[in-house]
Q: 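Please find one structure pasted underneath; my questions will follow.
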Amino acid sequence: MTVNPLFHTVLFDLDHTLIDTSLQYTAGLPEVLRQLYGHQIPDHWMEEFFRHHELLWKEFDARRITIDQLRRERFLRTWHAFAKQPKAEEVEQFQRLLDKALDEYTRPLPEAEELLAQVSKEFPLAILSNGSSDVVRRKLKLAGLESYFHPEAVFVSEEIGPAKPDPLIYRQVSLRLGSPVERLLMIGDNYGGDVIGARKAGLQAIWYVPKSEGIRLSDGLNAGEPMLTTAKEVWQTIQKLQEVR
């Protein structure tokens, strides 16, 4: 381990940074729809579902709705767009099947374990996720990544209060880790939440997008932010930050 390292802890986002969340939905959701409806799904149903998912997730991050409301409303609003009113038992059945399918398709991104193994040799690791409390730790276990993170170093914004990019979430994590914010490094795919939010709180941050499918890239690219796509690039950047401190 590096003598007198710059970083007390390296924080990782989870979805789209370590976990292939796009695979979970693109493989799992069609399977659920086939189980429930066969081939009787309107054209563009999935596009409508993802549109409502993204809109409602912003409401969830702002703590204006709960995760259960998000899950119910994205399904109902999708069907409302096609002039259908699902019954309550249909909503519940869909979510049960989707939970099972998402678990079955939980996979680490190709270089996730390589990156964690490399970084963990030099720095303690932590997770900071805007995901839901009932899923984050299960994903780590299913993906085979939980051994890299102490249970008390898995931070879920839903459990703490504010969500990324609110600088307060980073300050809360800093207090829980017993480290000043400037000794923390955040790595994640979401430019606004993982990079800008972290820097506003005083952390250093790396924009890491190992798989760009479904990721909003325009803000970071327009700002001229280097977008790293490989574990090697991330590790080299961490080393450079150590050298120029």
Side-chain angles (χ1 to χ4, degrees), residues 12-33 36 41-84 86 90-91 94-95 97-99 101-103 105-107 109 127-136 138-139 156-166 169 186-198 205 207-223 225 227 229:
F12 282 89
D13 175 51
L14 184 62
D15 289 305
H16 303 287
T17 300
L18 300 175
I19 300 293
D20 193 344
T21 313
S22 295
L23 173 67
Q24 286 185 283
Y25 277 94
T26 57
L29 182 55
E31 189 172 290
V32 170
L33 295 175
L36 284 176
I41 287 291
D43 292 341
H44 308 299
W45 192 97
M46 286 182 56
E47 291 91 331
E48 191 71 13
F49 177 87
F50 288 128
R51 185 175 74 84
H52 288 295
H53 174 85
E54 292 299 322
L55 290 171
L56 288 163
W57 202 274
K58 293 177 182 177
E59 297 295 298
F60 171 66
D61 279 348
R63 304 296 180 253
R64 288 190 285 267
I65 61 173
T66 66
I67 192 64
D68 288 336
Q69 289 173 315
L70 181 153
R71 290 166 177 162
R72 181 176 64 251
E73 285 299 314
R74 67 185 176 184
F75 182 74
L76 290 172
R77 293 182 188 186
T78 299
W79 274 119
H80 290 168
F82 299 98
K84 177 181 175 179
E90 187 178 343
V91 179
F94 170 82
Q95 190 59 50
L97 291 172
L98 183 60
D99 287 343
L102 295 180
D103 282 355
Y105 286 103
T106 298
R107 304 285 190 279
L109 283 155
I127 287 288
L128 176 53
S129 173
N130 277 359
S132 57
S133 296
D134 61 342
V135 170
V136 168
R138 190 165 80 241
K139 281 187 178 183
V156 184
S157 64
E158 184 184 13
E159 299 171 354
I160 298 173
K164 298 179 291 183
D166 191 328
I169 183 69
M186 182 71 205
I187 299 175
D189 69 283
N190 187 302
Y191 178 70
D194 298 320
V195 179
I196 298 301
W207 190 29
Y208 174 50
V209 186
K211 183 178 180 179
S212 61
E213 179 183 349
I215 305 299
R216 181 187 174 98
L217 303 177
S218 57
D219 291 345
L221 294 175
N222 290 339
E225 182 75 29
M227 184 179 76
T229 60

Q: Check the orientation of F50 and Y25. Use parallel for under 30°, tilted for 30 to 60°, and perpendicular for over 60°.
A: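 Rings of F50 and Y25: perpendicular, over 60°.
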
Q: Identify, with sequence neighbours excluded, every residue that meets side chain to side chain donor-acceptor pair (under 3.5 Å) alongside E90.
A: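 Only Y37, K84 meet the side chain to side chain donor-acceptor pair (under 3.5 Å) criterion with E90.
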
Q: Taking C-beta and beyond as the side chain, do I196 and P165 meet within less than 4.5 Å on heavy atoms?
A: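 No, too far: nothing below the 4.5 Å cut-off.
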
Q: Under 4.0 Å between a Lys/Arg side-chain N and an Asp/Glu carboxylate O for K139 and D103?
A: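 So K139 does not pair with D103 through a salt bridge.
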
Q: Is it true that a side-chain atom of N130 and a backbone atom of K164 form a donor plus acceptor pair closer than 3.5 Å?
A: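 Confirmed, N130 side chain pairs with K164 backbone.
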
Q: Does R64 reach the main-chain N or O of F60 with its side chain, forming a donor-acceptor pair under 3.5 Å?
A: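 Judged by distance alone, no pair lies under 3.5 Å.
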
Q: Should V195 and Y208 be marked as a side-chain contact (heavy atoms from CB on, under 4.5 Å) after you check the CA-CA gap, both sets of side-chain angles, and the distance that decides it?
A: CA-CA 9 Å; V195 179; Y208 174 50; over 6 Å; no

Q: Output yes when a side-chain donor or acceptor of S129 lies under 3.5 Å from a complementary backbone atom of D13, and no otherwise.
A: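 Between the backbone of D13 and the side chain of S129 there is no qualifying donor-acceptor contact (under 3.5 Å).
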
Q: With distance as the sole criterion, is a donor-acceptor pair present between the side chains of T21 and R107 under 3.5 Å?
A: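 No pair is found: no donor N or O on one side chain lies under 3.5 Å from an acceptor on the other.
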
Q: Distance-only, no hydrogens or angles: does the E158 side chain make a donor-acceptor pair with backbone N or O of S133 under 3.5 Å?
A: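 The answer is yes, because a donor-acceptor pair under 3.5 Å joins these two groups.
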
Q: Checking side-chain polar atoms at under 3.5 Å, does Q95 have a donor or acceptor matched by the opposite partner on D99?
A: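 Side-chain D/A pair, Q95 to D99: present.
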
Q: Look up atom NE2 in H53 and atom OG1 in T78, then write down how far apart they are to the nearest 0.5 Å.
A: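 The NE2 atom of H53 sits 11.0 Å away from the OG1 atom of T78.
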
Q: Does the side chain of I169 reach to within under 4.5 Å of the side chain of I160, using non-hydrogen atoms?
A: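 Yes, close enough: below the 4.5 Å cut-off.
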
Q: Would you name the heavy atoms of A198 and A205 that are closest together and state the gap between them?
A: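 Smallest interatomic distance, heavy atoms only, reads CB-CB, 4.1 Å.
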
Q: Compare every heavy atom of T106 with every heavy atom of Q24, then report the nearest pair and how far apart it is.
A: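 Shortest heavy-atom separation between Q24 and T106 comes out as NE2-OG1, 2.9 Å.
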
Q: Could you grab the distance from atom CE of M186 to atom CG of D194, nearest 0.5 Å is fine?
A: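 M186 CE to D194 CG: 4.0 Å, rounded to 0.5 Å.
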
Q: Is the shortest heavy-atom distance from the side chain of L29 to the side chain of L98 under 4.5 Å?
A: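 In short, these two side chains touch, coming nearer than 4.5 Å.
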
Q: Roughly how far, to the nearest 0.5 Å, is the CG atom of L18 from the CD1 atom of I127?
A: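 With rounding to 0.5 Å, CD1 (I127) is 5.0 Å from CG (L18).
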
Q: Look at the side chain of R63 and the backbone N and O of G161, then say whether any donor-acceptor pair between them is shorter than 3.5 Å.
A: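 Indeed, once roles are kept as given, a pair shorter than 3.5 Å links the two residues.
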
Q: I'd like to know if the side chain of W207 reaches the main chain of E225, judged simply by a donor and an acceptor atom lying under 3.5 Å from each other, with no hydrogens or angles considered.
A: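 Pair absent, no side-chain N/O of W207 close to backbone of E225.
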
Q: Which is it for R77 and L56 under the side-chain contact (heavy atoms from CB on, under 4.5 Å) test, yes or no, and what are the steps along the way?
A: CA-CA 10 Å; R77 293 182 188 186; L56 288 163; 3.5 Å; yes

Q: Is the side chain of D166 donor-acceptor paired with the backbone N or O of P162 at a distance under 3.5 Å, no angle test?
A: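 The answer is no, because no donor-acceptor pair under 3.5 Å joins these two groups.
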
Q: Could you pull out all residues at least two apart from E31 that satisfy salt bridge (Lys or Arg N to Asp or Glu O under 4.0 Å)?
A: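 Residues passing salt bridge (Lys or Arg N to Asp or Glu O under 4.0 Å) with E31: none at all.
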
Q: What's the verdict on ring-ring contact (aromatic ring centres under 6.0 Å, His included) for F75 and H52, showing C-alpha distance, side-chain angles and the deciding distance?
A: CA-CA 8 Å; F75 182 74; H52 288 295; over 10 Å; no

Q: Between D189 and R216 (salt bridge meaning N to carboxylate O under 4.0 Å), is one present in this structure?
A: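 Between R216 and D189 there is no salt bridge, as every charged N stays at least 4.0 Å from the carboxylate O atoms.
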
Q: May I have the step-by-step check of side-chain contact (heavy atoms from CB on, under 4.5 Å) for R71 and I67, ending in yes or no?
A: CA-CA 6 Å; R71 290 166 177 162; I67 192 64; 3.5 Å; yes

Q: Using the rule given for side-chain contact (heavy atoms from CB on, under 4.5 Å), can you reason through L76 versus V91, listing the C-alpha separation, both sets of side-chain angles and the distance that settles it, and then say yes or no?
A: CA-CA 8 Å; L76 290 172; V91 179; 3.7 Å; yes

Q: Hey, could you give me the CZ/CE distance between R51 and M46, rounded to the nearest 0.5 Å?
A: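 It comes to 15.0 Å.
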
Q: Got a second to check how far F12's CZ is from I187's CD1, nearest 0.5 Å?
A: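 Output value for this atom pair is 4.0 Å.
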
Q: Determine whether a donor-acceptor pair (N or O, by modelled atom type, separation under 3.5 Å) exists between the side chain of S212 and the backbone of I215.
A: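 Answer holds: no.
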
Q: Would you say the side chains of S132 and D134 form a donor-acceptor pair under 3.5 Å?
A: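 On atom types as modelled, these side chains qualify, holding a pair under 3.5 Å.
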
Q: Is the backbone N or O of E213 less than 3.5 Å from a side-chain atom of S22, with the two atoms forming a donor-acceptor pair by type?
A: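 Answer holds: yes.
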
Q: With rounding to the nearest 0.5 angstrom, report the CG to NZ distance, L70 to K58.
A: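 Answer for the CG-NZ pair, L70 versus K58, is 13.0 Å.
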
Q: What are the two closest heavy atoms between P210 and T17, and how far apart are they?
A: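 For P210 and T17, the tightest heavy-atom pair comes out as CG-O, 3.6 Å.
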
Q: Is the centre of the H44 ring less than 6.0 Å from the centre of the F82 ring?
A: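 Here the rings of F82 and H44 have centres that are no less than 6.0 Å from each other.
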
